[in-house]
Amino acid sequence: MLAWGLLFFLWPVTTATQGCPIPCTCQILETMGLRVNCKGQGLTALPVLPAHTRQLLLANNSLRSVPPGAFDHLPQLWSLDVTQNPWHCDCSLTYLRLWLQDHTPEALLQVYCASPDFVTTRPLGQLTGYELGNCGWQLPPSWAYPGVWWDIALVAIAVLGLALLAGLLSTCTEPLN
Ligand SMILES: *[C@@H]1O[C@H](CO)[C@@H](O)[C@H](O)[C@H]1NC(C)=O
């Protein structure tokens, strides 16, 4: 009877902590979901996180970036500590920045960049989209195609023609004033 009771009590604990990533420790929260603590483990990449992760502690690691979409499969995640990591603040960190902005905007001022040079010692929350860069998005290649320049030339001629017409009309109406 006691054994069954123990099993009943422990079963949810073991299943919930089963997917705990290797260097981290996991703990079930009263509010359901999991607190995954990976503090100070020297991580250079995100561990594989259980789907019911609710709190994630990644402070004091060697993380430089987070792959875009990294937390999209964690619908319960609402608390994320990513302080004390050597974040490389370029366009690839835009996902993390937006995630924090949506969930815990105050945390953005405690997350500091370690590189590149021109953003070091600045909190991620202070960087503009321009400073984070555009990840190599370029104008569509069709801009390099000469046909486009023909279209632009035609538009320019049309605008010039309209301007001339407007000029003519205004000189015609001038004597009336
Ligand atoms: C950060 O983690 C290292 C181990 O990786 C530990 O020695 C150090 O005390 C930790 N620092 C803080 C501020 O927690």
Side-chain angles (χ1 to χ4, degrees), residues 1-140:
M1 188 64 201
L2 184 71
W4 278 111
L6 211 62
L7 191 68
F8 180 77
F9 181 74
L10 285 179
W11 184 77
V13 179
T14 48
T15 50
T17 53
Q18 228 165 28
C20 195
I22 282 301
C24 314
T25 54
C26 295
Q27 188 189 338
I28 294 172
L29 295 166
E30 281 169 26
T31 51
M32 300 304 286
L34 215 57
R35 174 188 162 97
V36 181
N37 185 349
C38 311
K39 271 185 184 173
Q41 298 296 328
L43 294 177
T44 54
L46 277 189
V48 177
L49 296 160
H52 41 278
T53 302
R54 197 163 168 80
Q55 282 181 25
L56 178 57
L57 307 168
L58 291 168
N60 187 20
N61 279 292
S62 303
L63 298 170
R64 285 169 51 80
S65 71
V66 162
F71 306 126
D72 287 356
H73 69 296
L74 308 173
Q76 293 184 49
L77 185 65
W78 66 275
S79 159
L80 179 60
D81 182 357
V82 293
T83 55
Q84 297 169 273
N85 277 282
W87 294 114
H88 182 68
C89 294
D90 72 357
C91 63
S92 62
L93 221 57
T94 300
Y95 174 78
L96 179 65
R97 190 210 150 112
L98 291 176
W99 196 95
L100 290 173
Q101 204 167 296
D102 286 350
H103 296 79
T104 50
E106 65 284 350
L108 270 176
L109 293 175
Q110 282 135 36
V111 178
Y112 284 87
C113 304
S115 60
D117 283 347
F118 66 99
V119 295
T120 49
T121 72
R122 285 180 61 194
L124 183 56
Q126 270 184 14
L127 300 181
T128 62
Y130 177 76
E131 285 168 314
L132 283 175
N134 67 1
C135 270
W137 300 320
Q138 281 162 356
L139 287 172

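First listed ligand is number 1; within each ligand, the first listed atom is number 1.
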Asks: Which residue supplies the protein heavy atom nearest to atom 13 (C) of ligand 1, what is that atom called, and how far is it?
Replies: Q84 NE2, 3.3 Å
Asks: Would you indicate whether the side-chain heavy atoms of S92 and P67 approach each other to under 4.5 Å?
Replies: no
Asks: Among all protein non-hydrogen atoms, which one is nearest to atom 8 (C) of ligand 1, and what is the separation to 0.1 Å?
Replies: N60 ND2, 3.7 Å
Asks: Can a side-chain donor-acceptor contact be found between S115 and H88 if the only test is distance below 3.5 angstrom?
Replies: yes
Asks: Could you tell me if the side chain of L56 sits less than 4.5 Å from the side chain of S79, heavy atoms only?
Replies: no
Asks: Please confirm whether the backbone N or O of V82 pairs with a side-chain atom of W87, one donor and one acceptor, at under 3.5 Å?
Replies: yes
Asks: Please state which protein non-hydrogen atom is closest to atom 5 (O) of ligand 1 and give its distance, to 0.1 Å?
Replies: G40 O, 3.1 Å
